[in-house]
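All values below come from the heavy atoms of this structure, side chains included, with hydrogens, waters and symmetry mates left out. Within every chain, numbering begins at 1; the chains are lettered A, B, ... in the order of the sequence lines, protein sequences first and strands thereafter.
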Amino acid sequence: MENEARKAAETVSAVLKKLAAEWGLETADPADPVPGTPPQEDMGDVAFPMFVYAKQLRKSPVEIARAVASAVAADAGYRAVAAGPYVNLFYNLAELAQRAVASADDAAFGTVADRKGQKIMIEFSCPNTNKPLHLGHMRNDSLGESVSRILKAAGADICKVNLINDRGVHICKSMLAYKEFGKGMTPEEAGVKSDRFVGDYYVKFDQWSKTDPTAMERVRRMLVDWENGDEEVRALWKQMNGWAVSGIKETYRRTDVSFDRFYFESETYLKGKNDILRGLEEGLFYKESDGSVWVDLAEIGLDKKVLLRADGTSLYITQDLGTAVSRHGDWPFDRLIYVVASEQQYHFKVLFYVLRKLGYEWAENLFHLSYGMVNLPEGKMKSREGTVVDADDLLNELALMAKTEMESKEKSSGVEDVNDTAEKIALGALNYFLLSKSPTKDMIFNPKESLSFNGETGPYLQYTATRITSILAKYEERKGEFEGIPFCPEKLSSDEERKLIKMILSYPDQVSKASAEMNPSVLTAYLYDLAKTFSQFYHDYPVLNCDDKETALARLKLVRSVLEVMKKAFYLVGIPYLKKM
RNA sequence: GCAACCAUAGCUCAGCCGGAUAGAGCAACUGCCUUCUAAGCAGUAGGUCGCAGGUUCGAAUCCUGCUGGUUGUACCA
């Protein structure tokens with residue numbers, strides 16, 4: 001639809017120049033008109049405000065609008081009206097309808113070329129192996145997965161990576177607690193999902209360490225043993241990490257999140273040191289008297305930062321430096337996107353600066369996709385106080401709600417697999433909830449209210465799609481009635497139909513916008529608007545039951561295109577499509 | 001202290017590279033199922049867009065200041 005707007009703008013621009021000349025103001029050179037959207041459907045398809053030209057053309061905006069509207073209509077064949085100081089144009093609807101309907105058969109519709117040729121690596125999720133995923137991780141996972149799909153639809157070559165935090169003091173805590181209290185139990189024996197099993201010992205450590213002051217010291221010793229490659233500690237570490245990672249991967253499968261590469265911190269935590277030492281030699285960094293290495297951040301308006309400890313060991317930022325460098329070696333990206341909470345803005349600012357300083361050209365194209373926290377109505381989620389919302393528990397609860405609702409409405413007999421359908425409704429509800437808000441902002445999750453299936457939610461969208469699917473199924477049964485009926489685009493003339501046609505054609509623009517902003521909420525908002533418009537149409541106008549067969553067929557084709565677009569957009573924001581619910 | 005982000009209806013949020021009457025959903029109240037799925041549709045009510053200036057024909061949107069909130073500013077990750 002942007003092409004239409006551009007064309008209209010060019011027409012208006014030409015007319016403005018012509019009018020300027022006619023009025024004896026050849027030197028005026030009016031600025032390019034900016035297309036907008038009229039507030040109401042029946043007012044027109046594109047709007048151009050005429051205020052800006054008033055001074056130049058020495059006439060009131062209202063007079064200019066009147067002159068432009070009639071000239072546009074005469075010169076270019078647009079239907080054009082002056083509405084006060086605005087010029088509103090109408091597109092050729094029949095032609096748009098043709099194209100909207102054809103889009104349903106075009107598999108490439110909605111794939112754009114904005115990022116063609118770009119190799120983008122995107123890092124997200126990055127869980128710790130000492131506890132199961134919670135709602136905070138889910139926002140990260142949803143965002144990362146959705147943005148990956150959007151960038152791919154915009155033509156990029158994508159590599160999704162996950163860095164598993166599988167070492168450090170926090171990992172040793174659950175290990176030590178297991179060693180102390182676990183009695184060699186396995187998750188299978190305990191009948192607990194394996195990542196939860198590990199997480200329970202992490203919680204246990206916290207309680208234990210409050211009564212036993214030696215606990216913390218023993219954890220520190222364990223970490224030293226781990227670093228020295230102590231066989232017993234390493235064996236325990238492997239076993240517990242295996243449990244944690246397999247449980248986490250199960251949740252990924254459940255939420256349809258996937259990765260092209262996994263990195264493990266235990267394999268990358270020593271990286272980066274050489275780069276720092278090289279930088280020191282080149283005079284980019286400096287050494288303190290105690291032997292620690294620092295970078296001065298005055299250039300970017302910050303203080304200074306340690307890059308290597310006095311004893312030569314590395315820090316979080318050191319290994320992040322090394323990891324970025326080795327990743328670029330593994331898969332030479334044009335762009336690397338880190339999907340990480342906004343708390344770490346400072347860290348990434350410093351990281352990117354240091355990489356640039358080290359002379360890596362690709363460091364210009366690193367991007368921190370920063371997102372806000374998920375809070376509860378009472379405030380932050382705190383694992384120690386047990387207020388974290390566990391990912392699996394939440395999905396289970398949602399799926400149960402969906403199932404209960406289906407049963408109470410006696411719909412469960414109509415669907416193929418009730419549990420599978422319930423699971424997909426749960427996922428749709430959750431992904432819509434997590435992605436429909438601006439990524440940068442913190443969000444509040446209210447367990448009682450946020451889980452609704454009514455109103456502006458994922459299930460509403462899924463429900464809309466099932467209604468269309470149902471019409472299409474009925475059409476297949478009654479196909480004979482429509483034999484030989486031609487497609488008559490002019491039969492689609494209601495406000496709702498006009499709006500649907502334009503919305504279908506604007507889908508590629510929405511993908512472009514979502515890609516440019518790296519913001520899935522562009523698409524959730526679009527989907528809601530599309531579904532809402534369809535529902536209004538559906539309520540007021542019969543499709544197959546319409547007496548006039550030509551109208552029926554035209555509506556059927558329109559509705560089919562709406563469904564196809566919905567399915568494509570569903571995929572990009574992780575909402576499963578259902579034939580029935 | 002400094003820095004970044006945020007402030008829109010009772011609640012959760014859109015809108016923010018300036019344009020026509022600031023939009024949804026939830027909660028409250030009212031209608032609509034013998035016709036393609038009522039997880040729906042329609043309606044009522046609810047707003048000094050944090051405050052004060054500025055720029056502009058025009059500001060929720062841009063600029064400045066202020067107030068309030070969140071986060072960060074570690075030889076933790």
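Minimum atom distance to the side chain of A:His539 is reached by B:C41, of the listed B:C36, B:A20, B:C41.
Base contact: A:Leu544 has a heavy atom under 4.0 Å from a base atom. Within the nucleic acid shown, A:Lys441 comes within 4.0 Å of at least one base atom, counting heavy atoms only. Among the atoms of the strands shown, none is found under 4.0 Å from any heavy atom of A:Lys304. Among the atoms of the strands shown, base atoms are found under 4.0 Å from some heavy atom of A:Lys411. A:Tyr528 comes within 4.0 angstrom of the backbone, heavy atoms only, and of no base. Using a 4.0 Å heavy-atom criterion, one finds that A:Asp166 contacts no nucleic acid atom at all. The residue A:Tyr346 sits close only to the backbone: its heavy atoms come under 4.0 Å of sugar-phosphate atoms, none of a base.
For A:Lys409, a side-chain nitrogen or oxygen approaches OP1 or OP2 of B:A39 to under 4.0 Å. Between A:Tyr371 and the phosphate of B:U71, there is no side-chain N or O to OP1/OP2 separation shorter than 4.0 Å.
Interatomic distance, A:Leu277 CG to A:Phe285 CZ, rounded to the nearest 0.5 Å: 10.0 Å. Here the CG-OG1 distance, from A:Leu461 to A:Thr466, works out to 11.0 Å after rounding to the nearest 0.5 Å.
Figure legend. B:A42 is base-paired to B:U30; pairs are counted as Watson-Crick or G-U wobble with both atom distances under 3.5 Å. When both pairing distances are held under 3.5 Å, B:C5 makes a Watson-Crick or G-U pair with B:G69.
Relative orientation of the A:His137 and A:His134 rings is tilted, given thresholds of 30° and 60° on the angle between their planes.
With a glycosidic angle further than 90° from 0, B:C5 counts as anti.
Between the side chains of A:Asn165 and A:His170, no donor N or O sits under 3.5 Å from an acceptor N or O.
Rounded to whole Å, atom P of B:A77 lies 13 Å from atom CG of A:Leu321.
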